Undergrad: 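Once you've had a glance at the structure underneath, I'll fire off some questions.
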Amino acid sequence: MTTPVVTRFAPSPTGYLHIGGARTALFNWLYARHFGGKMLLRIEDTDRARSTDDAIEAILDGLRWLGLEWDDDVVYQHTRATRHAEIADQMLASGNAYRCYCSPQELAEMREKARSEGNPVLYDGTWRDRDPADAPAGVDPVIRLKAPRTGETLIDDLVQGPVVTANEQLDDLILLRSDGSPTYMLSVVVDDHDMAVTHVVRGDDHLTNAARQALIYKAMDWPLPEFAHIPLIHGPDGAKLSKRHGALGVDAYRLMGYLPHAMRNYLVRLGWSHGDEEIISLEDMISWFDLNAVGRAPARFDFAKLENLNGHYIRASEDAVLSAAVADLLPDIGQEASMPEALTTEEGRIFVDAMPALKERAKTLVGLAASGAFLFARRPIPMDDKAGQLLTGDARQILARLTVPLGQTEPWTLEAVEAALRDFAERENLKLGQIAQPLRAALTGSTASPGIFDVLALLGRDETLRRIADQAA
RNA sequence: GCCCCCAUCGUCUAGCGGCCUAGGACGCCGGCCUCUCACGCCGGAAACAGGGGUUCGAACCCCCUUGGGGGCGCCA
């Protein structure tokens with residue numbers, strides 16, 4: 001019989017949920033879902049000074065927005081400090097740990113010396129076998145793991161393959177600080193064990209940590225979980241992701257108008273593949289995902305591809321759903337998109353009607369909003385430079401003459417409006433474009449818009465005629 | 001400095017010794033469609049980092065070099 005899969009996502013709440021963390025969470029979530037197991041969430045707030053409630057909220061919100069719901073209650077690591085200390089004491093009692101009275105200055109000197117001599121920068125084990133009676137008075141000791149000094153430690157990583165580390169490279173790491181608080185190394189191991197985590201899926205910046213942690217598992221005689229260290233995501237320039245270029249919080253992507261599913265689809269293809277599949281439904285993602293198909297090379301973040309995927313999902317979305325998604329964003333992006341911060345019921349209806357024409361052209365929800373702004377602009381509508389240049393004297397006269405047939409068009413439907421415009425062009429001996437372009441400028445204030453017949457139909461006869469009158473000679 | 005990981009088009013990747021004169025996607029270039037912009041469709045340029053091996057045969061296996069990345073905290 002096989003034990004159920006339990007994965008965990010364990011962010012430290014020192015900032016928002018960035019793109020790399022989001023992908024780690026996604027992989028954990030997919031793996032758990034694929035095997036019908038659980039993904040637990042643990043907030044690694046052992047460092048109280050650097051952890052903030054805002055960051056915790058941002059992380060939780062980010063996960064929810066991406067649709068990565070975790071199972072069970074969130075575990076806050078700092079609440080488990082006494083259990084961590086208890087384990088350290090157990091290791092002390094079993095002889096797998098010892099007290100070390102070295103001062104921070106001594107340790108710094110030790111490191112500097114090792115580095116200058118070309119040796120590995122490790123704790124030298126000064127207090128490993130020293131008589132505790134030699135302990136200096138008034139110094140609170142740390143508790144260190146008594147790590148094996150010979151042999152090697154193997155991590156059979158699900159992504160990286162077998163990774164062997166010589167134990168000489170692993171020093172006696174600190175388990176408990178001099179103030180009695182647990183270190184990260186101790187906390188993760190104890191928590192992963194207590195939470196019955198079967199698969200540790202995390203960034204490969206933790207790969208060397210895995211060997212150190214394995215030593216703690218061994219000292220406690222606990223079974224080792226499976227490890228999967230996934231490569232990091234780099235910025236577009238190949239350098240480590242920083243705030244400069246892409247390490248934005250997922251909330252920033254939300255505000256840029258990306259859809260959660262586009263985000264998931266983009267992220268899952270960064271490092272993982274299923275043959276040539278590019279557009280992947282959630283259902284397929286879950287049934288196809290496995291760690292053995294995760295690559296080992298780091299990937300670069302590419303906005304162009306994310307945008308393309310987002311456009312795809314926008315086009316595939318229902319009109320009402322898109323309209324609602326934009327409406328939710330309006331308070332934040334309304335100004336940027338030249339849209340009101342909220343739409344009236346009537347405006348909302350028009351927006352939904354316009355959606356089929358709008359969504360073909362949008363790459364983001366912000367772009368979608370901006371492209372619909374002309375529908376709600378107040379006269380005289382703002383005109384961009386290129387549109388203004390289209391409205392020559394001749395063009396304005398054509399618009400004036402166009403008023404007549406449009407005034408008689410009945411009923412005001414897409415078909416009738418198209419017929420009227422084509423008929424007018426023929427009678428005036430003009431190509432449709434010669435009419436459509438200045439008309440588009442007058443009606444939308446732009447040179448790019450949905451099809452001109454759609455624009456007329458959407459605007460209605462009265463508003464159309466008024467906007468034309470604003471520009472006609 | 002020491003240790004570990006990585007390396008296919010600009011980017012994400014397929015490839016798991018012969019199916020590869022290396023496939024797909026994004027982007028780019030050209031064309032078609034056309035009232036603009038998109039969408040869509042058709043076509044094109046574009047990669048196995050370098051050098052040694054192993055093998056009848058290497059993008060795939062081994063070694064070295066180079067180039068990236070990560071770790072070496074009383075941070076997580």
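All values derive from a computational prediction rather than experimental measurement. Residue numbering restarts at 1 for every chain, and letters A, B, ... go by the order of the sequence lines.
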Undergrad: Taking the P atom of each, how far is B/C37 from B/U21, in whole Å?
TA: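 Here B/C37 and B/U21 have their P atoms 42 Å from each other.
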Undergrad: Select base, sugar-phosphate, or nothing to describe what A/Gly271 touches, counting heavy atoms under 4.0 Å on all strands.
TA: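 Sugar-phosphate contact only.
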Undergrad: Between A/Leu432 (CG) and B/C33 (P), how many Å, whole number?
TA: 16 Å
Undergrad: Please state how far atom CZ in A/Phe374 lies from atom P in B/U36, giving the value in whole angstrom units.
TA: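 Nearest whole value for this atom pair: 16 Å.
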Undergrad: Taking the C1' atom of each, how far is B/A38 from B/C5, in whole Å?
TA: 43 Å
Undergrad: The side chain of A/Pro104 lies closest to which of these nucleotides: B/G70, B/C12, B/C74?
TA: B/C74
Undergrad: Toward the 5' end of RNA chain B, which comes first, A/Tyr266 or A/Gly451, by nearest nucleotide?
TA: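 Closest to the 5' end, via its nearest nucleotide, is A/Tyr266.
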Undergrad: Distance between the C1' atoms of B/C16 and B/C32, in whole angstroms?
TA: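 40 Å, rounded to whole Å.
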Undergrad: Determine which nucleotide pairs with B/C72, using a 3.5 Å limit on both distances of a Watson-Crick or G-U wobble pair.
TA: B/G1
Undergrad: With a 4.0 Å cut-off on heavy atoms, is A/Cys100 in touch with a base, just the backbone sugar-phosphate, or nothing at all?
TA: nothing
Undergrad: Heavy atoms only, 4.0 Å cut-off, all strands: where does A/Phe453 land among base, sugar-phosphate and nothing?
TA: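 Base, at least one base atom sits under 4.0 Å.
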Undergrad: Between A/Leu158 and A/Ala228, what is the shortest heavy-atom contact and its length?
TA: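 Nearest heavy atoms, A/Leu158 then A/Ala228: CB-CB, 4.0 Å.
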Undergrad: Nearest heavy-atom pair of A/Gln160 and A/His229: which atoms, and what distance?
TA: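 So the minimum-distance heavy-atom pair works out to NE2-O, 2.8 Å.
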Undergrad: Is any side-chain nitrogen or oxygen of A/Arg111 closer than 4.0 Å to OP1 or OP2 of B/G73?
TA: yes
Undergrad: So, does A/Arg315 get its side chain near the phosphate of B/G40, meaning an N or O under 4.0 Å from OP1 or OP2?
TA: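 Indeed, a polar side-chain atom of A/Arg315 lies that close.
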Undergrad: Taking any heavy-atom pair under 4.0 Å as a contact, classify A/Pro450: base, sugar-phosphate, or nothing.
TA: base
Undergrad: Please figure out whether A/Ala436 or A/Pro120 has its closest RNA chain B nucleotide nearer the 5' end.
TA: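 Whichever sits nearer the 5' end wins; that is A/Pro120.
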Undergrad: One pair to check against salt bridge (charged side-chain N to carboxylate O under 4.0 Å, His left out): A/Asp194 and A/Arg80. What are the steps and the verdict?
TA: CA-CA 10 Å; A/Asp194 287 0; A/Arg80 301 182 33 82; 2.6 Å; yes
Undergrad: Identify whether any heavy atom of A/His229 sits under 4.0 Å from a base atom; if not, whether one sits that close to sugar-phosphate; answer base, sugar-phosphate or nothing.
TA: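 If one applies the 4.0 Å heavy-atom cut-off, A/His229 turns out to touch nothing in the nucleic acid.
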Undergrad: Testing A/Asp157, A/Asp192, A/Asn28, A/Thr7 for side chain to side chain contact (heavy atoms under 4.5 Å, CB included) with A/Val200, which one passes?
TA: A/Asp192
Undergrad: Specify the separation, in whole Å, of atom CD of A/Glu278 and atom P of B/G27.
TA: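 A/Glu278 atom CD is separated from B/G27 atom P by 11 Å.
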Undergrad: P atom, B/A25 versus B/C41: distance in rounded Å?
TA: 10 Å
Undergrad: Could you tell me which nucleotide pairs with B/A14 by Watson-Crick or G-U wobble geometry, both distances under 3.5 Å, or answer none if nothing does?
TA: none
Undergrad: Show your working on side-chain hydrogen bond (donor to acceptor under 3.5 Å, both in side chains) between A/Glu307 and A/Tyr258 and close with a plain yes or no.
TA: CA-CA 8 Å; A/Glu307 195 144 279; A/Tyr258 292 105; 3.2 Å; yes
Undergrad: Can you list, by residue number, the residues of residues 352-365 of chain A that have a non-hydrogen atom closer than 4.0 angstrom to RNA chain B?
TA: A/Glu360, A/Arg361, A/Lys363
Undergrad: Both distances under 3.5 Å, Watson-Crick or G-U wobble: report the partner of B/C20, or none.
TA: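 Pair assignment: B/C20 / none.
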Undergrad: For B/G40 and B/U34, measure between their C1' atoms and round to the nearest Å.
TA: 12 Å
Undergrad: Nearest of B/C74, B/U36, B/G24 to any side-chain atom of A/Ala448?
TA: B/U36
Undergrad: If we take the C1' atom in both B/A46 and B/C61, what is their distance in whole Å?
TA: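 Those two atoms are separated by 29 Å.
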Undergrad: Between B/C72, B/A76, B/G70, which nucleotide has the shortest distance from any of its atoms to the side chain of A/Thr208?
TA: B/G70
Undergrad: Phosphate oxygens OP1/OP2 of B/G27: is one of them under 4.0 Å from a side-chain N or O of A/Asn308?
TA: yes
Undergrad: Considering every strand and a 4.0 Å limit on heavy-atom distances, what is the contact class for A/Ser12: base, sugar-phosphate, or nothing?
TA: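 Since only primed, P, OP1 and OP2 atoms lie under 4.0 Å of A/Ser12, the category is sugar-phosphate.
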Undergrad: Given atom CZ of A/Phe301 and atom P of B/U13, what is their separation to the nearest angstrom?
TA: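 Going from A/Phe301 (CZ) to B/U13 (P), I get 13 Å.
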Undergrad: Does atom CG (A/Asp385) have a neighbourhood of more than 12 heavy atoms from anything else shown, all under 6.0 Å?
TA: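 Result for CG/A/Asp385: open.
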Undergrad: With rounding to the closest Å, how many angstrom separate the C1' atoms on B/U11 and B/C19?
TA: 28 Å
Undergrad: Has the side chain of A/Glu106 got a donor or acceptor atom that lies under 3.5 Å from a matching backbone atom of A/Ser103?
TA: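 Flag set: sc A/Glu106 to bb A/Ser103 pair under 3.5 Å.
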Undergrad: Under the 3.5 Å rule, do the base of B/C3 and the side chain of A/Thr165 count as making a donor-acceptor pair?
TA: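 There is none.
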Undergrad: Would you kindly give the CD-to-P distance between A/Glu117 and B/C72, to the nearest whole Å?
TA: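 In whole Å, B/C72 P lies 21 Å from A/Glu117 CD.
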Undergrad: Over all strands shown, is A/Leu122 touching base, sugar-phosphate only, or nothing at heavy-atom distances under 4.0 angstrom?
TA: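 The residue A/Leu122 makes sugar-phosphate contact but no base contact.
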Undergrad: B/U55 and B/C72: how far apart are their C1' atoms, nearest whole angstrom?
TA: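 Per the computed distance, 41 Å lies between those C1' atoms.
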Undergrad: Would you say the side chain of A/Asn209 and the base of B/G71 hold a donor-acceptor pair, judged only by whether the two atoms sit under 3.5 Å apart?
TA: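 For A/Asn209, whose side chain was compared with the base of B/G71, there is no donor-acceptor pair (under 3.5 Å).
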Undergrad: In terms of the angle between their ring planes, are A/Phe303 and A/Phe301 parallel, tilted or perpendicular, with boundaries placed at 30° and 60°?
TA: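 The arrangement is perpendicular - the two ring planes meet at more than 60°.
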Undergrad: Between B/G1, B/C35, B/G73, which nucleotide has the shortest distance from any of its atoms to the side chain of A/Ile174?
TA: B/G73
Undergrad: Over how many whole Å does the gap from A/Asp302 atom CG to B/C26 atom C1' extend?
TA: 7 Å
Undergrad: Under 3.5 Å, which donor-acceptor pairs do the side chains of residues 439-451 of chain A form with other protein atoms, sequence neighbours left out?
TA:
unit_1: A/Arg440; atom_1: NE; unit_2: A/Gln437; atom_2: OE1; d: 2.9
unit_1: A/Arg440; atom_1: NH1; unit_2: A/Ser449; atom_2: OG; d: 2.9
unit_1: A/Arg440; atom_1: NH1; unit_2: A/Pro450; atom_2: O; d: 3.0
unit_1: A/Arg440; atom_1: NH2; unit_2: A/Gln437; atom_2: OE1; d: 3.4
unit_1: A/Thr444; atom_1: OG1; unit_2: A/Arg440; atom_2: O; d: 2.7
unit_1: A/Thr444; atom_1: OG1; unit_2: A/Ser446; atom_2: N; d: 3.2
unit_1: A/Thr444; atom_1: OG1; unit_2: A/Ser446; atom_2: O; d: 3.3
unit_1: A/Ser446; atom_1: OG; unit_2: A/Ala448; atom_2: N; d: 2.9
unit_1: A/Ser446; atom_1: OG; unit_2: A/Ala448; atom_2: O; d: 3.0

Undergrad: Testing A/Lys146, A/Arg128, A/Arg144 one by one against A/Asp172 for a salt bridge (Lys or Arg N to Asp or Glu O under 4.0 Å), which residue passes?
TA: A/Arg128
Undergrad: Ignoring hydrogens and geometry, is there a side-chain-to-backbone donor-acceptor pair from A/Trp412 to A/Leu456 under 3.5 Å?
TA: yes
Undergrad: Within the 4.0 Å heavy-atom criterion, would you say A/Arg42 contacts the bases, only the backbone, or no part of the nucleic acid?
TA: nothing
Undergrad: Between B/G73 atom C1' and A/Glu112 atom CD, what is the distance in whole Å?
TA: 15 Å
Undergrad: B/G24 P sits how many Å from A/Asn265 CG, rounded?
TA: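 Computing the A/Asn265:CG to B/G24:P distance gives 19 Å.
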Undergrad: Examine distances only and state if a side-chain atom of A/Arg264 and a backbone atom of A/Leu282 form a donor-acceptor pair shorter than 3.5 Å.
TA: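 Side chain of A/Arg264 to backbone of A/Leu282, a donor-acceptor pair under 3.5 Å: no, none is there.
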Undergrad: What contact category does A/Thr447 fall into here, base, sugar-phosphate, or nothing, at under 4.0 angstrom with non-hydrogen atoms?
TA: base
Undergrad: Enumerate all atom pairs, one protein N or O and one N or O from nucleotides 5-7 of chain B, separated by less than 3.5 Å.
TA:
unit_1: B/C5; atom_1: O3'; unit_2: A/Gln160; atom_2: OE1; d: 3.3
unit_1: B/C5; atom_1: O2'; unit_2: A/Gln160; atom_2: OE1; d: 2.9

